[in-house]
Visitor: 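Structure below; questions to follow.
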Amino acid sequence: QVQLVESGGGLVQAGGSLRLSCAASGRSFSTYAMGWFRQAPGKEREFVAAINWSGSSTYLANSVKGRFTISRDNAKSTVYLQMNSLKPEDTADYYCAAQGPWRVPGGTKKDEYDYWGQGTQVTVSS
């Protein structure tokens, strides 16, 4: 089992940057593929980015390609989401999630993830 805590959200102007962090506690972080999702008010939770166990493969939603980067530091049990060139439509609660070791990494659907953080709010002003 793994517990996830996100941080780094906040208010930023359009065109700005934020880096979200997700700290994991529990055993064997390096065996979990990780992902980021977001949920805007009144909308479904949607996939943003994913990374495999070692960090050698990453997956990004089309809406964030070229602007967002996902990375991980297994020594620190932390996964990051670097968000650049932010747009008002990026405003949402951002959630970190972990795929159990039995999963195929790179999932883009909510039900492919087994553990979730509480979320961190990102607001992009125009």
Side-chain angles (χ1 to χ4, degrees):
Q1 189 136 2
V2 63
Q3 293 78 44
L4 305 171
V5 178
E6 302 95 336
S7 62
L11 173 65
V12 64
Q13 288 188 330
S17 298
L18 282 175
R19 188 176 81 156
L20 305 184
S21 299
C22 173
S25 59
R27 299 173 62 181
S28 304
F29 173 75
S30 61
T31 65
Y32 293 88
M34 302 295 295
W36 287 95
F37 286 73
R38 67 186 181 186
Q39 188 167 14
K43 294 189 176 181
E44 293 289 319
R45 192 169 298 189
E46 66 175 4
F47 169 76
V48 176
I51 190 167
N52 70 345
W53 311 287
S54 66
S56 60
S57 295
T58 60
Y59 315 85
L60 294 168
N62 287 335
S63 58
V64 305
K65 280 182 181 176
R67 301 189 298 123
F68 291 12
T69 304
I70 186 171
S71 61
R72 67 189 294 160
D73 185 338
N74 287 341
K76 295 182 178 179
S77 297
T78 301
V79 63
Y80 304 97
L81 185 68
Q82 178 67 44
M83 306 186 295
N84 299 328
S85 302
L86 282 160
K87 304 175 181 180
E89 51 263 45
D90 295 317
T91 295
D93 291 326
Y94 283 71
Y95 297 88
C96 172
Q99 291 185 282
W102 57 91
R103 301 273 193 187
V104 175
T108 61
K109 298 181 176 61
K110 292 178 293 184
D111 59 8
E112 296 179 88
Y113 289 80
D114 304 287
Y115 308 102
W116 292 85
Q118 293 301 305
T120 185
Q121 188 174 56
V122 172
T123 303
V124 184
S125 64
S126 58

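In this text, all values refer to a predicted model and were calculated from it rather than measured experimentally. The analysis underlying the following values was restricted to heavy atoms, covering all of them including side chains, and did not include hydrogens, waters or symmetry mates.
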Visitor: Given side chain to side chain contact (heavy atoms under 4.5 Å, CB included), test V122 with M83 step by step and report yes or no.
Guide: CA-CA 10 Å; V122 172; M83 306 186 295; 3.9 Å; yes
Visitor: Do V12 and L20 share a hydrophobic cluster (ILVMFWY, side-chain heavy atoms under 4.5 Å, transitive)?
Guide: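 Both belong to a single hydrophobic cluster.
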Visitor: Would R72 pass as a cation-pi partner of Y32, given that its NZ or CZ must be under 6.0 Å from the six-membered ring centre and within 45 degrees of the axis?
Guide: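 Verdict for Y32: no cation-pi partner in R72.
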Visitor: I want to check something: taking the side chain as every heavy atom from C-beta on, are R103 and D114 in contact at a cut-off of under 4.5 Å?
Guide: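 Yes; the side chains approach each other to less than 4.5 Å.
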Visitor: Kindly compute the distance separating OH (Y94) from CH2 (W36), expressed to the nearest 0.5 Å.
Guide: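 These two atoms lie 10.0 Å from each other.
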Visitor: Under the 3.5 angstrom rule, does the side chain of T91 hit a backbone N or O of T123 as a donor-acceptor pair?
Guide: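 No; zero donor-acceptor contacts below 3.5 Å.
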Visitor: Is there a path of hydrophobic side-chain contacts, each under 4.5 Å between heavy atoms of I, L, V, M, F, W or Y residues, that connects W102 with W116?
Guide: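 Hydrophobic grouping puts W102 apart from W116.
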Visitor: Please report the shortest heavy-atom distance between N84 and S17, naming the atom on each side.
Guide: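 Between these two residues, the closest heavy atoms are OD1-OG, 2.9 Å.
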Visitor: Within the structure provided, determine whether V79 and I70 are in side-chain contact (heavy-atom separation under 4.5 Å).
Guide: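 SC-SC contact between V79 and I70 confirmed.
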Visitor: Hey, are D93 and R45 close enough for a salt bridge, meaning a charged N less than 4.0 Å from a carboxylate O?
Guide: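 No.
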Visitor: With the side chain counted from C-beta on, respond yes when Q39 and Y95 share a heavy-atom pair under 4.5 Å apart, and no when they do not.
Guide: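 Counting from C-beta outward, Q39 and Y95 do come under 4.5 Å.
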Visitor: When you measure from the side chain of W53 to the backbone N and O of T31, does any donor-acceptor pair fall under 3.5 Å?
Guide: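 Looks like yes, one N/O pair under 3.5 Å.
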Visitor: Determine yes or no for a side-chain-to-main-chain donor-acceptor pair under 3.5 angstrom, with Q99 supplying the side chain and V104 the backbone.
Guide: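 Between the backbone of V104 and the side chain of Q99 there is a qualifying donor-acceptor contact (under 3.5 Å).
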Visitor: Hey, what do you get for CZ (F68) to OG (S63), rounding to the nearest 0.5 Å?
Guide: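 One gets 7.5 Å once the value is rounded to the nearest 0.5 Å.
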Visitor: CG/L81 to CE/M34 distance, rounded to the nearest 0.5 angstrom?
Guide: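 Here the interatomic distance stands at 11.5 Å.
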Visitor: For residues F29 and Y80: do they belong to one hydrophobic cluster (side chain heavy atoms under 4.5 Å, members Ile, Leu, Val, Met, Phe, Trp, Tyr)?
Guide: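 Shared cluster, no.
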Visitor: Verify the ring-centre separation between F37 and F47: is it less than 6.0 angstrom?
Guide: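 Yes; F37 has its ring centre under 6.0 Å from that of F47.
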Visitor: Please find the pair of heavy atoms, one from A40 and one from A92, that lie closest to each other, and give the distance.
Guide: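 Looking at all heavy atoms of both residues, the shortest contact is N-CB, 3.8 Å.
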Visitor: Spell out, as yes or no, whether a donor-acceptor pair under 3.5 Å connects the side chain of Q82 to the backbone of R19.
Guide: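 Side chain of Q82 to backbone of R19: no pair is present.
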Visitor: Would T78 and D73 count as having a side-chain donor-acceptor pair, cut-off 3.5 Å?
Guide: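 Side-chain D/A pair, T78 to D73: absent.
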Visitor: Specify the closest pair of heavy atoms between A50 and G106, including all atoms of both residues, with the distance to one decimal.
Guide: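 Answer, listing the atom of A50 first, then G106: CB-CA, 4.0 Å.
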Visitor: I'd like to know if the side chain of N52 reaches the main chain of S57, judged simply by a donor and an acceptor atom lying under 3.5 Å from each other, with no hydrogens or angles considered.
Guide: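 Pair found, side chain donor or acceptor close to backbone of S57.
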Visitor: For S30, does its backbone N or O pair with a side-chain atom of N74 as donor and acceptor, under 3.5 Å?
Guide: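 Not at all, since once roles are kept as given, no pair shorter than 3.5 Å links the two residues.
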Visitor: Rounded to the nearest 0.5 Å, what separates atom NZ in K76 from atom OG in S21?
Guide: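 If we round to the nearest 0.5 Å, K76:NZ and S21:OG are 9.5 Å apart.
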Visitor: Has Y113 got a side-chain atom pairing as donor or acceptor with G107's backbone, closer than 3.5 angstrom?
Guide: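 Looks like yes, one N/O pair under 3.5 Å.
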Visitor: Output the distance between atom CD (Q3) and atom OG (S25), rounded to the nearest 0.5 Å.
Guide: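 Reported value, rounded in 0.5 Å steps: 4.0 Å.
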Visitor: Show your working on salt bridge (Lys or Arg N to Asp or Glu O under 4.0 Å) between R38 and E46 and close with a plain yes or no.
Guide: CA-CA 5 Å; R38 67 186 181 186; E46 66 175 4; 2.6 Å; yes
Visitor: Show, in sequence, the C-alpha distance, side-chain angles and deciding distance for Q13 and S125, and conclude whether the side-chain hydrogen bond (donor to acceptor under 3.5 Å, both in side chains) test is met.
Guide: CA-CA 5 Å; Q13 288 188 330; S125 64; 5.0 Å; no
Visitor: What is the minimum heavy-atom distance between L18 and G8, and which atoms define it?
Guide: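 Looking at all heavy atoms of both residues, the shortest contact is CD2-O, 3.8 Å.
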Visitor: Which heavy atom of A24 sits nearest a heavy atom of L4, and at what distance?
Guide: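 Shortest heavy-atom contact: CB-CD2, 3.7 Å.
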Visitor: Without swapping roles, check the side chain of S56 against the backbone of S54 for a donor-acceptor pair under 3.5 Å.
Guide: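 Between the backbone of S54 and the side chain of S56 there is no qualifying donor-acceptor contact (under 3.5 Å).
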